[in-house]
Amino acid sequence: MKKVPITVAYGDGIGPEIMEATLKVLFAAGAELEIETIEIGQKIYMQGNLTGIDPSAWESLKRTKVFLKAPITTPQGGGFKSLNVTFRKAFGLFANVRPCVAYHPFIFTKHPKLDLVIVRENEEDLYSGIEHRQSIDSYQALKVLSFQGTERIIRYAFEYARCFQRKKVSCFTKDNILKITDGMFHKVFERVGQEYPDIEKEHWIIDIGSAKLADSPESFDVIVLANLYGDILSDVAVQIAGSVGLGSSANIGDRYAMFEAIHGSAPRRAGQNVANPSGLLLAAVQMLIHIGQNAVADRVYNAWLRTIEEGIHTYDIFREGVSRKKVGTKEFSDQIIQNLGKEPEVLKPFCSTKFKENPKTNFSIVLPQEKKELVGVDVFVEYSSDPAQLAGHLKDCSESLILESIANRGMSVWPACFEEALLAGPYQCRFIKNKENNSTISHGDVVRLLDRIQKIGLEFTKTELLYTFNGMEGYSRSQGE
Ligand code: NAD
């Protein structure tokens with residue numbers, strides 16, 4: 001078998017120990033890998049590089065396109081950027097795939113039948129990191145979902161289910177509240193799902209879906225979610241399966257892929273030969289499947305399962321009465337090496353060789369053809385007094401755009417008003433095209449409106465243009481409007 005070049009980062013804290021243990025097992029199992037090592041993390045951050053990535057690292061990653069990464073320590077504050085978010089965005093790693101499996105009765109869990117995969121969108125949502133402060137008392141972050149990004153992750157989830165013979169895909173959203181963003185995610189799920197009649201599908205509102213996941217995770221198979229929901233729920237799912245120390249993830253793009261444990265660098269455990277290398281080792285199993293070395297992946301996973309069955313456990317999964325021997329990182333990986341070639345006797349043996357191919361990633365996505373029309377503008381105005389008074393100032397600012405409503409943090413305060421509503425931050429003043437004029441409005445009308453507002457001495461902090469798409473409003477209505 002031809003050696004496959006991969007890039008490896010040993011990381012910080014417990015990173016070097018668990019990477020050493022992982023690579024030792026991989027090579028003992030016959031993995032055909034050519035390792036290129038790169039420097040990322042704390043040492044590079046401390047040199048004043050805010051990304052934490054040495055420039056030479058990019059060359060290796062671009063060459064190999066496959067990255068096995070140990071956890072790193074992100075310094076707090078000081079403008080340091082999350083290295084993971086940088087890699088995900090720079091290499092278009094749009095899908096985060098986290099298998100969550102219970103190893104009952106060998107690792108304690110309340111959910112012995114748990115066996116699910118979380119497919120989390122990896123690049124968009126609140127992780128776009130677009131945040132603003134526009135007044136003394138209000139803070140905001142923008143949730144951005146694209147149609148293309150959504151369709152891509154949903155298609156990937158269905159492709160994943162098909163390739164790995166999973167039966168059901170569940171989608172979690174909060175579209176009862178976020179009707180435009182999460183509403184689009186849900187609609188795309190329903191539409192794309194129709195192309196996969198062989199796979200069962202269901203949608204859950206995220207709050208009750210999460211409760212169901214925590215209570216009876218065995219009823220789920222593949223779950224597809226937007227970035228933040230997926231981040232939170234994948235940790236929950238791995239923890240209730242047994243331990244976050246066992247969690248692995250694959251970050252998959254069209255051309256690049258990154259594999260890592262889900263836990264961090266656990267600095268307090270560093271250098272003591274106590275850390276559990278399982279999360280990184282299982283990430284390496286995902287990597288071996290990705291590069292087509294399935295037989296090696298199966299040997300590694302089955303030897304690991306056998307070791308878990310034998311009760312040879314690191315401290316984090318050690319449980320009196322269940323485990324037989326508490327061991328350190330090195331002894332644990334040595335036992336896995338001894339068990340290479342063996343299969344588990346109670347747990348289900350792992351067999352990735354029966355799966356013929358990896359899920360597709362290069363989807364061609366066709367944008368819907370819709371007629372877009374500018375119909376108004378929300379102008380956010382800082383004003384310290386009564387909203388009815390503000391309405392009085394704004395009423396005659398434009399002939400083509402009429403003041404329709406004023407809201408405060410999504411709650412209507414004019415003309416409809418709830419007396420007890422807390423008022424904070426700028427007012428959202430909605431101007432809609434004057435239907436009596438019976439003509440279209442232009443950006444020029446908006447600019448003239450803003451000019452008038454600043455001339456009467458009011459401070460606007462931002463604007464959002466209001467569009468319809470095929471006549472459907474592309475903006476939300478405030479509560480109580
Ligand atoms: P952590 O996951 O590093 O550790 C939390 C606790 O979990 C540890 O104290 C330890 O008791 C236990 N633990 C974690 N991994 C273990 C393992 N393999 N074996 C045994 N016990 C283990 O979380 P944290 O303390 O919040 O973060 C530490 C650092 O890691 C921070 O700088 C954080 O930014 C970083 N981090 C990095 C990544 C990554 O590189 N992907 C992910 C998460 C956190």
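Order of appearance sets the numbers: ligands from 1, and atoms from 1 within every ligand.
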### Query
Could any protein non-hydrogen atom be found less than 4.0 Å from atom 11 (O) of ligand 1?
yes
### Query
Do you know which two heavy atoms are closest between Leu340 and Arg299, and how far apart they sit?
CD2-O, 3.8 Å
### Message
Quick one, Asn276 and His263 - any side-chain contact, counting heavy atoms below 4.5 Å?
### Response
no
#### Entry: Residue Thr73 vicinity, atoms of ligand 1 by number, heavy atom under 4.0 Å
32 (O)
### Message
Tell me whether Asp378 contacts the main-chain N or O of Thr463 through its side chain, where contact means a donor paired with an acceptor under 3.5 Å.
### Response
no
### Message
Closer than 4.0 angstrom, basic N to acidic O: yes or no for Asp254 and Lys360?
### Response
no
#### Entry: Closest candidate by heavy atom, reference atom 30 (O) of ligand 1, pool Ser265, Pro267, Ser278
Ser265
### Message
Please list the nearest protein heavy atom to atom 8 (C) of ligand 1 with its residue and the distance rounded to 0.1 Å.
### Response
Ala266 CB, 3.8 Å
### Task
Return yes or no for this condition: an N or O of Gly245 is under 3.5 Å from an N or O of ligand 1.
no
### Identity and separation of the nearest protein heavy atom to atom 19 (N) of ligand 1
Asn276 N, 2.9 Å
### Message
Can you name the atoms of ligand 1, numbered from 1 with element, that are less than 4.0 Å from a heavy atom of Thr74?
### Response
32 (O), 34 (O)
### Query
Just heavy atoms, cut-off under 4.0 Å: does Asn84 contact ligand 1 by side chain, backbone, both, or neither?
side chain
### Task
Using a strict cut-off of 4.0 Å, indicate which atoms of ligand 1 neighbour a heavy atom of Tyr315.
10 (C), 11 (O), 20 (C), 21 (N), 22 (C)
### Task
Check the surroundings of atom CD in Glu36: do more than 12 heavy atoms from other residues, nucleotides or ligands lie under 6.0 Å from it?
yes
### Message
Quick one: does any side-chain atom of Ser234 pair with a main-chain N or O of Asp231 as donor and acceptor, under 3.5 Å?
### Response
yes
### Which of the ligand 1 atoms, numbered from 1, are nearer than 4.0 Å to a heavy atom of Ile72
30 (O), 35 (C), 36 (N), 37 (C), 40 (O)
### Task
Would you confirm whether any non-hydrogen atom of the protein falls under 4.0 Å from atom 36 (N) of ligand 1?
yes
#### Entry: Atom indices of ligand 1, in the order listed, that fall short of 4.0 Å to a heavy atom of Arg269
10 (C), 11 (O)
### Query
Which protein heavy atom lies closest to atom 39 (C) of ligand 1, and at what distance to 0.1 Å?
Lys69 NZ, 3.9 Å
## Note on the structure
Among non-hydrogen protein atoms, atom 16 (C) of ligand 1 lies closest to Ile14 CD1, 4.0 Å
### Task
Take atom NZ of Lys89 as the centre, draw a 6.0 Å sphere, and report whether it contains more than 12 heavy atoms from other residues, nucleotides or ligands.
yes
### Query
So do Glu131 and Gln140 actually touch side chain to side chain, heavy atoms under 4.5 Å?
no
### Query
If you measure from each non-hydrogen atom of Val274 to ligand 1, which part falls under 4.0 Å: side chain, backbone, both or neither?
neither
### Task
Any atoms of ligand 1 less than 4.0 Å from a non-hydrogen atom of Arg268? List them with their elements.
9 (O)
### Leu367 CG: over 12 foreign heavy atoms closer than 6.0 Å
yes
### Message
Please report whether ligand 1 has a polar contact with Gly264, defined as an N or O pair separated by less than 3.5 Å (distance criterion only).
### Response
yes
### Message
Please give me the minimum heavy-atom distance between Ile18 and Pro277, naming the atom from each residue.
### Response
CG2-CA, 3.6 Å
